Protein chains: 2
Amino acid sequence: MQLTTNPTTATSYRILIIEDDPTLTTTLRYSLHKQGHHVTVASDGLEGIKVARSTRPDIILLDLMLPNIDGREVCRYLRGWLDSPILMLTALGREEDVIAGLEVGADDYVTKPFRMNELIARINALIRRTRSQKPEADTLIAGDLMVRISEHRAMFADRELRLAPKEFQILIALMRRAGKVCTRAELMKEAWGEGIVVDPRNVDVHVRLIRAQLEGEPDGSWLIQTVHGVGYRFSGELGPNPPAEDANAEGNTN
Amino acid sequence: MQLTTNPTTATSYRILIIEDDPTLTTTLRYSLHKQGHHVTVASDGLEGIKVARSTRPDIILLDLMLPNIDGREVCRYLRGWLDSPILMLTALGREEDVIAGLEVGADDYVTKPFRMNELIARINALIRRTRSQKPEADTLIAGDLMVRISEHRAMFADRELRLAPKEFQILIALMRRAGKVCTRAELMKEAWGEGIVVDPRNVDVHVRLIRAQLEGEPDGSWLIQTVHGVGYRFSGELGPNPPAEDANAEGNTN
DNA sequence: CAACTCCTTCACAAATCGATAAACAAACGT
DNA sequence: ACGTTTGTTTATCGATTTGTGAAGGAGTTG
């Protein structure tokens, strides 16, 4: 099955390879360059650290066995100030090494020999994992309730809700922290703004109005719960409702 | 023998395993529990999705090959709204599968057979990556009792407790010092505040109300013990219950 | 300007919580 | 064994918190 586009490889990343084997570096450099990335190579740990400090790569491929300085040492050192992901790379397949590598702060570990495509996939996954830190989802879904923030719209099972601005802000504030209790102060900060101070009872009123909109639907009244003495909690489960139980048995093997 | 010494549940995470092989789940559950994690098991994709929605695990171990729904589908679905890391797990060693898994949003990929220690190291690395900025223990677990502070929620064996604010404060104060005796003065400082002075008997009353909630469950009444002349002691062992009883799914089925 | 929406404020009802008291039971020291 | 101290349980009442409805004003749109 072919996917249309792959946004992760659409952009180019700066990759630093710290590896002393010239054959491997050549292969890696070639393959990664073909992916559109910008590759820098350092052939020993000290040089790698220097290059990392000056170029700030998006990801580092780090050989475990290096001349002079052990790869683990390099990793530990880099981790102190660099938050780019580090992918350990080694000929050793012993699990102690894998574990030691991960313990020391590596984010992934690949043993040679490896398949280039897998390495690339892991690189992309690592970058995606560290880069896409909270893109602030535009669409919040919880069961039958769907809120599209950019459109300022909220739907409950195909029925459009009429939410006033304040109500809307409070709802998405609650949904963003789904499951957790939001104090009135927190909700006020979200819906009114940082410095603005109003009567906290206003929150109650708006919550009531939201509830009124959700009423009539199954479980609608339970979506926003009151936690006495603390605040309110959106207790719906995030994500769309799972597919029906029966239906298709797909992809089943064995 | 293990005493209830360490209130640091920072290393205890909620792990959901979506895997249909009972042998493997048993092994995993045992090993992960020994690490101090709280393990939930779902035996097929749909159940896994449901459990993930309701329990919000910190990390998910997902088998690629599942009955009814393909693991990739599950992964893609979860990724839409869940930001917890997903570790793919499969018997397939083909690189296409690894790549496909990573493309679909998995954060790591381990092929069977694998070494348990490596898996655990990868789990820890994943968790460290994603919630490195959360050293504060939000979830206190002691056997069947689980308290999530930010959600202001307490569950006893999947049954939700109704705890008033004071009761809640006293409970978590006791749990934080699990095994140690808390004097009434200490508990009052935690639940009422530094300067406030009230009749120490209030503590008695609230402890009784907590006990009333825990009643009916096995060992529930023994969780909070009275130390005559001194105060109260939370005597449950922190950390999840051993999975000794069954190898079956403990996830809900509603 | 008129109609409308939205926000705030208020008053009252309902629900919940917490402090106190008091009666009862258990544990302890002598 | 006895009385004293400490803990348990229940009840009650006032205080606090929250739900509800409505009114009025500010702001916006046509």
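Please read these numbers as outputs of a predicted model, since none were measured by experiment. Protein chains get the first letters and strands the later ones, always in sequence-line order, with residue 1 at the start of each.
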task: State which of dG7(D), dT9(C), dT9(D) makes the closest approach to the side chain of His228(B).
output: dG7(D)
query: Counting side-chain heavy atoms from CB outward, which of dT18(D), dA21(C), dT8(C) is closest to Arg184(A)?
result: dT18(D)
query: Is any NZ, NE, NH1 or NH2 atom of the basic residue among Glu190(B) and Arg177(B) found under 4.0 Å from an Asp or Glu carboxylate oxygen of the other?
result: yes
query: At what distance, to the nearest 0.5 angstrom, does CD1 of Ile170(A) lie from CD1 of Ile210(A)?
result: 5.0 Å
Nearest-nucleotide pick for Val198(B), side chain only, options being dC10(C), dT8(D), dA19(C): dA19(C)
message: Please report the end-to-end axis angle for the helix from dC1(C)-dG30(D) to dT30(C)-dA1(D), five pairs per end, rounded to 10 degrees.
response: 30°
- prompt: Is Trp192(B) near enough to dC17(C) that one of its side-chain N or O atoms lies under 4.0 angstrom from OP1 or OP2?
  reply: no
- prompt: Please give, in whole Å, the distance from dT18(D) P to Leu209(A) CG?
  reply: 17 Å
query: In whole angstrom, what separates Ile224(B)'s CD1 from dT9(D)'s P?
result: 12 Å
message: Please pick, from dC10(C), dA19(C), dG19(D), the nucleotide with the shortest atom-to-atom distance to any side-chain atom of Arg201(A).
response: dG19(D)
task: Taking all non-hydrogen atoms of both residues into account, name the closest pair between Asp107(B) and Ser84(B) and its distance.
output: OD2-O, 4.3 Å
- line: Of Asn202(A), Asp204(A), Asp199(A), the one forming a side-chain hydrogen bond (donor to acceptor under 3.5 Å, both in side chains) with Arg184(A) is Asp204(A)
message: Given dT18(D), dG7(D), dC17(C), identify the nucleotide with an atom nearest to the side chain of Pro165(B).
response: dC17(C)
query: If you check every side-chain atom of Asp204(A), which of dC7(C), dT18(D), dC17(C) has the closest atom?
result: dT18(D)
message: When you measure from the side-chain N and O atoms of Tyr232(B) to the phosphate of dT6(D), is any distance below 4.0 Å, counting only OP1 and OP2?
response: no
message: Please report the distance, rounded to the nearest Å, between CD in Gln169(A) and C1' in dC6(C).
response: 14 Å
query: With respect to the side chain of Asn202(A), which nucleotide from dT9(C), dA19(C), dC17(C) is positioned closest?
result: dT9(C)
query: Could Arg153(A) and Glu160(A) be called an ion pair, given the rule that one side-chain N must be under 4.0 Å from one carboxylate O?
result: yes
query: dG21(D) P sits how many Å from Arg208(A) CZ, rounded?
result: 5 Å
field: Rounded distance (Å) that lies between atom C1' of dC7(C) and atom CD of Glu167(A)
entry: 10 Å
task: For dT8(D), take OP1 and OP2 only and decide whether either is under 4.0 Å from a side-chain N or O of Thr226(B).
output: yes
task: Using atom CD1 of Ile210(A) as one end and atom P of dT20(D) as the other, report the distance to the nearest whole Å.
output: 13 Å
field: Distance, nearest 0.5 Å, that separates CD1 of Ile224(B) from CG of Leu171(B)
entry: 5.5 Å
task: Please lay out, stage by stage, how Glu73(B) and Arg76(B) fare under the test salt bridge (charged side-chain N to carboxylate O under 4.0 Å, His left out).
output: CA-CA 5 Å; Glu73(B) 274 309 309; Arg76(B) 193 178 297 135; 2.7 Å; yes
- line: Regarding the side chain of Val205(B), the nearest nucleotide among dA21(C), dC7(C), dG7(D) is dA21(C)
field: Rounded distance in Å - CZ (Arg162(B)) to C1' (dA15(C))
entry: 10 Å
query: In whole Å, what is the span from the NE2 atom of His206(A) to the C1' atom of dG19(D)?
result: 15 Å
- prompt: Can you find an N or O donor on one side and an acceptor on the other, under 3.5 Å apart, linking the side chain of Arg211(A) with the base of dG19(D)?
  reply: no
- prompt: To the side chain of Lys166(A), which of dC7(C), dC17(C), dG21(D) is closest?
  reply: dC7(C)
field: Straight-line distance of Thr139(B) OG1 to Glu151(B) CD, nearest 0.5 Å
entry: 7.5 Å
